[in-house]
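What follows is a single structure, written as structure tokens, with notes after it.
The model shown is predicted, which means the values in this text are computed figures rather than measured ones.
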Amino acid sequence: MSQLLTGNNLRFLFDGLKLTLYISFVSIVLSTLFGTILAVLRNQKTGPLKFLASLYIEIVRNIPNLLWIYVIFLIFKIKSTPAGIVSFTVFTTAALAEIIRGGLNGVDKGQKEAARSQGFSNFQILLHIVLPQAIRNVLPAIVSQFVTVIKDTSFLYSVIALQELFGKSYILMGRYAQTEQVFAIYGLVALMYFVINFSISQFSRWLSRNWV
């Protein structure tokens with residue numbers, strides 16, 4: 001066991017963890033931005049932009065993320081890390097668009113009518129009144145989505161050989177033949193995922209209780 005938990009091996013795993021968190025963070029930030037735009041467009045009464053936003057959301061949400069990783073990596077021929085970020089952004093944008101749209105619809109219509117009576121334009125109402133409240137209401141759900149993205153990055157090694165946390169652990173397991181060593185690596189990686197995701201989940205619950 002002492003041969004397994006060396007400084008080099010731990011640094012090797014933490015390098016994978018840093019890549020996992022980097023991909024997840026960039027993806028969730030971009031997805032929140034694009035998802036907000038799609039949610040606003042889909043909330044329009046009519047028009048081609050509403051149709052296109054709805055079409056994107058429905059197509060992307062109903063196709064597995066694993067397939068999007070394949071498509072983006074193989075068809076667009078981009079490197080592994082950008083491919084991971086793009087594929088997770090594409091998929092998570094659709095999920096967050098529906099979450100944020102729920103937040104938009106949850107804002108009291110009376111506030112919109114009051115703003116119109118004060119001379120606010122529709123854009124000003126959206127920007128200054130509706131969006132801030134909607135994002136605040138769904139922020140715990142956005143934070144929870146971060147957990148899903150972190151867990152799903154484990155697909156990336158098997159699909160595009162990206163050495164994130166699970167990929168690094170898989171490579172490390174190839175160096176050790178004993179069953180207890182393999183289980184020790186699995187256990188350590190599972191613990192790392194658990195600590196990070198549990199911390200984020202607790203933060204999300206705290207936001208639900210104290211900020212909304």
Side-chain angles (χ1 to χ4, degrees), residues 1-32 60-96 99 140-209:
M1 191 62 67
S2 59
Q3 292 179 335
L4 179 63
L5 299 179
T6 63
N8 286 336
N9 286 347
L10 292 176
R11 280 192 295 272
F12 187 71
L13 288 176
F14 275 104
D15 285 342
L17 177 60
K18 286 190 289 187
L19 183 57
T20 290
L21 294 177
Y22 171 73
I23 291 171
S24 302
F25 179 77
V26 174
S27 298
I28 205 73
V29 169
L30 293 176
S31 298
T32 302
V60 172
R61 287 179 67 216
N62 289 290
I63 294 176
N65 193 18
L66 199 62
L67 185 58
W68 288 114
I69 299 171
Y70 274 114
V71 167
I72 289 166
F73 181 68
L74 296 177
I75 293 181
F76 294 99
K77 306 294 184 182
I78 56 180
K79 293 182 179 180
S80 296
T81 298
I85 292 172
V86 171
S87 60
F88 275 95
T89 299
V90 165
F91 188 79
T92 309
T93 291
L96 287 182
I99 292 172
I142 294 173
V143 174
S144 293
Q145 191 69 30
F146 194 18
V147 172
T148 301
V149 174
I150 289 174
K151 290 188 293 185
D152 287 352
T153 55
S154 58
F155 295 148
L156 292 172
Y157 181 73
S158 61
V159 180
I160 59 177
L162 184 62
Q163 295 182 23
E164 39 64 61
L165 177 57
F166 182 78
K168 292 281 191 182
S169 69
Y170 198 82
I171 293 170
L172 198 58
M173 279 185 273
R175 303 174 186 172
Y176 298 92
Q178 297 180 19
T179 303
E180 60 269 20
Q181 292 175 323
V182 172
F183 274 103
I185 295 172
Y186 269 129
L188 178 59
V189 171
L191 180 62
M192 293 168 74
Y193 276 117
F194 174 79
V195 169
I196 292 169
N197 291 330
F198 181 75
S199 300
I200 295 172
S201 297
Q202 290 296 103
F203 179 60
S204 177
R205 294 187 186 100
W206 181 87
L207 281 177
S208 297
R209 292 192 305 267

Hey, could you give me the [atom1]/[atom2] distance between [X] and [Y], rounded to the nearest 0.5 Å?
X    : Y    : atom1 : atom2 : value
I99  : I142 : CD1   : CD1   : 7.0 Å
F146 : L96  : CZ    : CG    : 11.5 Å
S24  : I196 : OG    : CD1   : 9.0 Å
F91  : L66  : CZ    : CG    : 10.5 Å
F88  : F155 : CZ    : CZ    : 7.0 Å
Y170 : E164 : OH    : CD    : 12.5 Å

Closest contact, heavy atoms only, V189 versus S169 = CG2-CB, 3.3 Å
Compare every heavy atom of A83 with every heavy atom of I160, then report the nearest pair and how far apart it is.
-> CD1-CB, 4.2 Å
Is any side-chain heavy atom of [Y] closer than 4.5 Å to one of [X]?
X   : Y   : answer
W68 : V86 : no
V71 : I63 : no
L30 : T93 : no

Output all residues satisfying side-chain hydrogen bond (donor to acceptor under 3.5 Å, both in side chains) with R61, sequence neighbours left out; order by chain, then residue number.
-> none
Heavy-atom donor-acceptor pair, [X] side chain to [Y] backbone, under 3.5 Å:
X   : Y    : value
T20 : L165 : yes
S87 : G84  : yes
S31 : I28  : no

Let me check something: any side-chain donor-acceptor pairs from residues 10-18 under 3.5 Å, sequence neighbours excluded? List them with distances.
from, atom 1, to, atom 2, distance (Å)
R11, NH2, N8, OD1, 2.4

Indicate the ring-plane relationship of F203 and W206, choosing parallel, tilted or perpendicular according to the 30° and 60° boundaries.
->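 Rings of F203 and W206: parallel, as their planes differ by under 30°.
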Which pairs count as side-chain hydrogen bond (donor to acceptor under 3.5 Å, both in side chains) when at least one residue sits in residues 143-158, sequence neighbours excluded?
->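 For residues 143-158: S144-S204.
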Checking side chain to side chain contact (heavy atoms under 4.5 Å, CB included) for the pair Y193/F198: CA distance, chi angles, key distance, verdict?
-> CA-CA 8 Å; Y193 276 117; F198 181 75; over 6 Å; no
